[in-house]
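Numbered from 1 within each chain, the chains take letters A, B, ... in sequence-line order. Any value given below was found using the heavy atoms of this structure, including those in side chains, with hydrogens, waters and symmetry copies removed. Treat the numbers as computed from the prediction; the structure is a model and nothing was measured.
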Number of protein chains: 2
Amino acid sequence: MKLKEFAHQLGLSPTTVSRALSGYPEVSEKTRQRVAEEAVRLGYRPNINAVRLVTGRAGAIGAVMGRKGEFQFSEFMIGMAERLDGEDIDILVSPMAEQETRDEIQIYSRLVTSGRVDALIVHSPRPEDERIRLLHKLGVPFLVHGRSETEVPHAWLDIDNEGAIRRATSHLLDLGHRRIAMINGGAGYTFSIHRDKGYRDALEERGIAFDPRLVVHGHFTDELGFRFARSLLEQSPRPTAFVAGSMMTALGVYRAVRSRGLVVGRDISVIAHDDVFPYLTAENMVPSLSATRSSMRAAGARAADLVLQLLGGRPADEIHELWPVELILRESTGPAPAEARS
Amino acid sequence: MKLKEFAHQLGLSPTTVSRALSGYPEVSEKTRQRVAEEAVRLGYRPNINAVRLVTGRAGAIGAVMGRKGEFQFSEFMIGMAERLDGEDIDILVSPMAEQETRDEIQIYSRLVTSGRVDALIVHSPRPEDERIRLLHKLGVPFLVHGRSETEVPHAWLDIDNEGAIRRATSHLLDLGHRRIAMINGGAGYTFSIHRDKGYRDALEERGIAFDPRLVVHGHFTDELGFRFARSLLEQSPRPTAFVAGSMMTALGVYRAVRSRGLVVGRDISVIAHDDVFPYLTAENMVPSLSATRSSMRAAGARAADLVLQLLGGRPADEIHELWPVELILRESTGPAPAEARS
DNA sequence: TTGAAAGCGTTACCAC
DNA sequence: GTGGTAACGCTTTCAA
């Protein structure tokens, strides 16, 4: 059913009906009421593409999913959905296929210049990020989830990775650990750099020398967690504690520790970063996992909220939000074994 | 840049440019060539919403994400993206927020009647599924990922859950296990029902009585895997083997087994269903996990392919695809302990 | 092979 | 408070 036909059935003009449905103030309350009821009864809904054409709005926020299919992504999206529910704004997901023909920049460029999205969310930025530069140039509103040093003004939302890892590392140092390994995220991402910094600063505060052999970078998978941890545990003297970049990494670390006949929480302490997943919880691991925690879902909800503000005209360089991260101590952390103390 | 302006710069009419870009046969090869080059050079891209309005196509496939944010969902989406890459079709994700105001049916209804999507994918169907009935009634193409007995004709793609679990259970029976517990998915979903059937059939083949206390249903989380397994292990005689519905469930089961001082693969055998995740692999678990395996990503790619066929006019009731499932034996399965054999 | 013009279904600007 | 009407940017007959 089209507007014209629907309006005709009501004995009103398309104009009035359109206004009634869009909640314009000038239409009388009784008319609005009637139009709303009849729309439901007759099943009329505006054609979204006509609306988009005439208003110039795409009615969608774009999110480009990483090539690796990060498991955090869906949590973030659910968060966005919670906030977007009832806003009549869709989430357009452009996952980059693993063997993509187009490169990342092209995907962003196409999304924007063809008018598919009103705004974009940029994940896992780097200090110098071409995507940010591009989106700024294109003049489309966007929010960076994470931080970047790219010189153009941009809105961002990030968690305090540096502070989180600093505290985690400090805590391990408090417990007497001196050789603390860190399995960080992929090299080059700002969040990895921040975590590296948090780690090094904690060491420095105690005057402990930084040993580059103790820090490794890679994707957040159980496989890498396992392999890195195995190999780190072969060092002599071996590390007595691990800082793991993700829950999946922690799973791998737990396995590696066990496979060496060691016990997590006694021989080896572990702290991981937990994005809070409904299907995998730090609390339930055995032993329960000490973690720096920040809800990815909450970040998604807030990100959607901030994008809405951006769309509402709030200046991008006014939106800079840094979230503190909780440190939750559980059973996986304990005093360093006496023989390892310095 | 708009078509009119772009065409003007080329000294051509909008008509010709449009045809050249859309690959119509009547335009001369040299003109097409030139238009294509200039489009890239000047950065012209058709406004997608105008195209959509005039063609009546939405240029998007909808996928409604489950309320729980299932971790399988992103893998499926990446698969879709792989197939859709270069097709100029977007994936529109409507995650249902946890405390949703609208119900599921309304989400589907809105997606379709407002013209946001050309086709939809329905996940986790039930034998009687109102969504399927609705989409059929609305006349929109859709593909069911999973199976349903809903009487309207519909395209579907599913894996052989029943056969997979039958084989898994049979294998455990071959190993001498007699008390085999199954931690299945949520009750009511067709895939859970099929898995239940595969399990019961395997028992029946050997003339072993079905004990309802050994089968439980719930979401695929490590927490439920752990809690169910803990509680099942308290039975006397206790089960000597587990069939776990997902990798996350298996993680919980492993923990529960260990927490009882038992050893997976020796005291307790475990087989899980593995959707193949890049970040969590059955092979790397300790002990490595025997699994029924089917790639969720491949399913997503094929699903996108089938939807494209649907959009191309292939009749829905011609599209019924049932995928076999591999059974991969690793270290988590072994002979039943002698004292437990009957 | 190319071009002019009529829509596609809505919103929003002006009148009334 | 309500109703005409001109866009929105493109595709697609119909003519040339």
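Listed nucleotides C/dG9, D/dC10, C/dT2 differ in distance to B/Ala50; the shortest reach to its side chain belongs to D/dC10. Residue A/Thr55 places its side chain closer to C/dA12 than to any other of C/dA12, D/dG9, D/dT12. Comparing C/dT2, D/dT5, D/dT13 by their closest approach to the side chain of B/Thr15 singles out D/dT13. The listed nucleotides are C/dA12, C/dT10, C/dG3; the one nearest the side chain of A/Val51 is C/dT10. For B/Lys2, counting side-chain heavy atoms from C-beta on, the closest listed nucleotide (D/dG9, C/dA5, D/dT11) is D/dG9. With C/dT11, D/dG3, C/dT2 as the choices, the nucleotide that has an atom nearest any side-chain atom of A/Ser22 turns out to be C/dT11.
Taking only side-chain nitrogens and oxygens, B/Thr16 comes nearer than 4.0 Å to OP1 or OP2 of C/dG3. The phosphate of C/dT11 (OP1 or OP2) has a side-chain N or O of A/Ser18 nearer than 4.0 angstrom.
Contact annotation for A/Ser28: backbone-only contact, meaning every heavy-atom pair under 4.0 Å involves sugar-phosphate atoms and none involves a base. Using a 4.0 Å heavy-atom criterion, one finds that A/Arg45 contacts the sugar-phosphate atoms exclusively. Among the heavy atoms of the strands lying under 4.0 Å from B/Tyr44 are primed sugar atoms or P, OP1, OP2 only; no base atom is included.
What separates CD of B/Glu26 from P of D/dA15 is a distance of 16 Å, to the nearest Å. The separation between B/Asn47 atom CG and C/dC8 atom C1' is 13 Å, rounded to whole Å. Rounded to whole Å, the distance from CG on A/Leu21 to C1' on D/dG1 is 17 Å. B/Asn49 has its CG atom 12 Å from the P atom of D/dT11, to the nearest Å. Residue B/Tyr24 contributes atom OH, which lies 16 Å from atom C1' of C/dG3 at whole-angstrom precision. What separates NZ of B/Lys4 from P of D/dA7 is a distance of 10 Å, to the nearest Å. The nearest whole Å value for the distance from the CG atom in B/Leu12 to the C1' atom in C/dT2 is 9 Å. Per the geometry, NE2 belonging to A/His8 stands 16 Å off C1' belonging to D/dG4, to the nearest Å.
In this structure, the ring of B/Phe71 has its center no less than 6.0 angstrom from the ring center of A/Phe71. The ring of B/His123 has its center closer than 6.0 angstrom to the ring center of B/Phe76.
Residue order along DNA chain C, read from the 5' end via each residue's closest nucleotide, puts B/Pro14 first among B/Pro14 and B/Leu53. Between B/Pro25 and B/Val54, the one whose closest nucleotide on DNA chain C sits nearer the 5' end is B/Pro25.
One donor-acceptor pair, N or O on each side, does fall under 3.5 Å between the base of D/dG3 and the side chain of A/Arg19.
Evaluated for a side-chain contact (heavy atoms from CB on, under 4.5 Å) with B/Leu134, the options B/Ile105, B/Val112, B/Val140 yield exactly one hit, B/Ile105.
Salt bridge status for A/Glu149 with A/Arg126: absent, with no side-chain N to carboxylate O gap under 4.0 Å.
Residues in residues 50-64 of chain B take part in these side-chain hydrogen bond (donor to acceptor under 3.5 Å, both in side chains) pairs, two or more places apart or across chains: B/Arg52-B/Asp90.
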Could you give me the CA-CA distance, side-chain angles and deciding distance for A/Ser18 and A/Thr15, then say whether side chain to side chain donor-acceptor pair (under 3.5 Å) is met? CA-CA 5 Å; A/Ser18 170; A/Thr15 310; over 6 Å; no
